[in-house]
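Numbering starts at 1 and runs along the sequence shown.
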Amino acid sequence: MTAELARAGGVVGTAGLALLLVAPARVQRLAGLVAWALGSVLLAVYLAPHGHRPLLAAAAVAGLALAAAGAVVFRRWPFVLPFVVLACVPARIHVTVGTTEANLLVPLYAVAAAAALLLAWELVAGDTRARELGPVAWPLAAFIAWSGLSILWTDDVRQGSIDLLFFYLPFGLLALVLARLAWRRLVALGLLAELTAMAIIFAAIGIYQYETRDVFWNPKLLVSNAYAPFYRVNSVFWDPSIYGRFLVVAILACLVAVLFARDRRVMVGGTAAIAAIWAGLYFSYSQSSFAALTAGVVLAAIFAWGRRGLALAVVAAVVVTAGALAVPKVRHDVFGNGPGSKSSTGGRGKLVRKGIHIAVHHPVAGVGVGGFKHAYAELTHLKGKEPSAAASHTTPVTVAAETGVPGFALYAWLLVAALGLAFRRFARDLPGLVSLALGLIVAAVAVHSLFYNAFFEDPTVWAAIGLAAALPRRRDERADAPQLDRKVEPEGQQDQRVDGAQRDRARERDVEPLPEHR
């Protein structure tokens, strides 16, 4: 019976979020927000251990009170929200309740709850904005709704509930609320400074771990390092690949500043920051992170140098591909099982091939959200309740296997729309460069997810999409949705009452084009 409530919660919650993303009327959006909250509660009740539900209920009440206080703060100072979201991205807390253990983004879930209350407050007050995510709204709504519907036929309701409750529902709503922010020049520069400072600190911690041979949080990594020919670090993160992905995001943001800055101090400081962060990235020994960084750097070169950058990208792709395929282990892992030795990619080639096999045999609807591990274990006859060898490492394959051809098509549409939203707004002024940086972040995480299945699990992607939608449009860009105009105008856009002093401050924030960097 509880499982059936979870299935109902998954469908209701994702349908509500989809309605929030695309509905034009305020009443419809309020109904969607209520459905989002109801679905989240049903999923949480299903996942909560039976013996600890009174304690968890009390914690939920306390959390709701904190979320209400957070909503008041975000209502009074909206620009605080993106800074708090960024600060909470690495804050995974190891939670043990009964026999259940997990590393959860607990502070970020509290921020999402506060954002939900803030959105409810604004809708009740008469806010008529809609489809804030622009061209991303429809593909994101369709993908989330289809994923939620697939919980009806998944064989792993628990994992499907985890995916929906801890990733799709909270992060999707956060992206929506971030897209409602008014553009501010100082906020963009402040986020870059915060991201760079966090990355430098985390890189320093990683270097310290390498020198002292002492990693935090993850006992499995300690065991792995004892038998590996190199020593991997994780800084304040649980997994070295997550640590590496965060540093890649920071490097790409700094790289945009270095490539297009007109101030030599920015160029020198950005270059020094990149060097320091890269040193920390090196000791993660994360192949997926270096692949993501390479893709991001090549894309940045194309935007900075045009055809020369495109030629560089083609040459780099040919050289890297040829060099990789020249290695027998890599060639065997891509095209077949190499005899005798362990796969050069840790067996991920087999996971990809078997995952494609699952997708081919379930083309219409897939095996349901969260059902990959169960389907893979059944296909390969793995033993155990949750065999780690069945964990997927490739997001596109996971999406195709769990949601079928429709889900994969919606995922591709979403990815194209998100990249188009960011890259189409590229210009050599501050909003255009922020948009480029956000696009590079989405692209880098997408590449990272080809080797480490965490595209939708990474809140950075959702935040980047929301912030890209919040940027002012270029003058030659047609509006894609019936939302309020987001030009660089006076700050009091929600109240639509701006006095003369506010107009003067708004004019001071107007963005002047940067000359082309030579």
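Other residues, nucleotides and ligands contribute more than 12 heavy atoms inside 6.0 Å of the CZ atom of Phe79.
Annotation: side chain of Ile242 is in contact with side chain of Tyr452 (closest heavy-atom distance under 4.5 Å). With contacts defined as side-chain heavy-atom distances shorter than 4.5 Å, the pair Ile274/Ile277 does not qualify. The side-chain heavy atoms of Leu259 and Leu433, taken from C-beta on, include no pair separated by under 4.5 Å. Taking the side chain as every heavy atom from C-beta outward, Thr14 and Trp146 never approach each other to under 4.5 Å. At a threshold of 4.5 Å between non-hydrogen side-chain atoms, the residues Asn234 and Ser284 do not count as touching. You'll find the side chain of Pro459 stays beyond 4.5 Å of the side chain of Leu174, heavy atoms only. Put simply, the side chain of Leu105 does not reach to within 4.5 Å of the side chain of Cys88, judged on heavy atoms. A 4.5 Å side-chain heavy-atom check between Leu33 and Leu173 finds at least one atom pair inside the cut-off.
Taking all atoms of both residues into account, the shortest heavy-atom contact from Ala91 to Pro107 is O-CD, 3.5 Å. The two atoms that bring Gly10 and Ile151 nearest to each other are CA-CG2, 4.3 Å, heavy atoms only. Taking both residues in full, the closest heavy atoms of Ala443 and Leu299 are given as CB-CD1, 3.6 Å, listed atom of the first, atom of the second, then distance. Closest heavy-atom contact between Ser147 and Thr403: OG-CG2, 4.1 Å. Heavy atoms only, all atoms of each residue included: Arg425 and Ala469 are closest at NH1-O, 3.7 Å. Among all heavy-atom pairs drawn from Arg428 and Ala304, the shortest one is NH2-O, 3.5 Å.
The CZ atom of Arg245 sits 8.5 Å away from the CZ atom of Phe237 when rounded to the nearest 0.5 Å. Note that CG of Leu414 and CD1 of Ile144 are 8.0 Å apart. Values are rounded to the nearest 0.5 Å. Annotation: the span from Leu440 atom CG to Ile251 atom CD1 amounts to 12.5 Å, rounded to 0.5 Å. To the nearest 0.5 Å, atoms CG (Leu189) and CG (Leu430) are separated by 5.5 Å. Atoms CG and CG, from Leu81 and Leu178 in turn, are 5.0 Å apart once rounded to the nearest 0.5 Å. From Leu17, atom CG reaches atom CG of Leu176 across 7.5 Å, with rounding to the nearest 0.5 Å.
One finds no salt bridge joining Asp127 and Arg26 here, because no Lys/Arg side-chain nitrogen approaches an Asp/Glu carboxylate oxygen to under 4.0 Å. In this structure, Glu132 pairs ionically with Arg29, as a charged nitrogen and a carboxylate oxygen lie closer than 4.0 Å.
Side chain of Thr196 to main chain of Ala193: no donor-acceptor pair is present (N/O by atom type, distance under 3.5 Å, no hydrogens or angles). A distance-only check finds no donor-acceptor pair linking the side chain of Ser435 to the backbone of Gly432 [under 3.5 Å]. A donor-acceptor pair under 3.5 Å is formed between the side chain of Ser286 and the backbone N or O of Ser289. Distance alone, capped at 3.5 Å, places no donor-acceptor pair between the Trp183 side chain and the Pro431 backbone. Between the side chain of Trp36 and the main chain of Leu169, a donor-acceptor pair closer than 3.5 Å is present. Not one N or O on the side chain of Ser161 forms a donor-acceptor pair closer than 3.5 Å with the backbone of Leu43. Without hydrogens or angle criteria, Ser288 side chain to His448 main chain gives no donor-acceptor distance under 3.5 Å.
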Exercise. Dump the intermediate steps for side-chain hydrogen bond (donor to acceptor under 3.5 Å, both in side chains) on Thr394 and Asn453, then the final yes or no.
Key: CA-CA 5 Å; Thr394 307; Asn453 177 33; over 6 Å; no
Quiz prompt | Residue pair Met198, Leu86: steps toward the side chain to side chain contact (heavy atoms under 4.5 Å, CB included) verdict | solution = CA-CA 9 Å; Met198 291 173 65; Leu86 177 56; 4.0 Å; yes
Quiz item: Is there a side chain to side chain contact (heavy atoms under 4.5 Å, CB included) between Val233 and Tyr285 once you walk through the steps?
Solution: CA-CA 8 Å; Val233 301; Tyr285 291 103; over 6 Å; no
Quiz prompt | side chain to side chain contact (heavy atoms under 4.5 Å, CB included) evaluation trace for Val461 with Ile441 | solution = CA-CA 7 Å; Val461 171; Ile441 290 171; 5.8 Å; no
Exercise. Carefully, step by step, assess Leu421 and Val442 under the rule side chain to side chain contact (heavy atoms under 4.5 Å, CB included).
Key: CA-CA 11 Å; Leu421 171 68; Val442 174; over 6 Å; no
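In summary, the aromatic rings of Phe283 and Tyr243 are positioned with their centroids too far apart to meet the 6.0 Å limit. Aromatic ring centroids of Tyr109 and Phe167 lie 6.0 Å or more apart. Between Phe303 and Phe423, a ring centre-to-centre spacing shorter than 6.0 Å is recorded. Checked against the 6.0 Å centroid criterion, the rings of Phe171 and Phe456 do not qualify as a close aromatic pair.
Tyr168 and Trp462 have perpendicular rings, their planes meeting at more than 60° on a 0 to 90° scale where under 30° would count as parallel. Note on ring orientation: taking the six-membered ring where Trp is involved, the planes of Phe408 and Tyr411 are tilted (angle from 30° to 60°).
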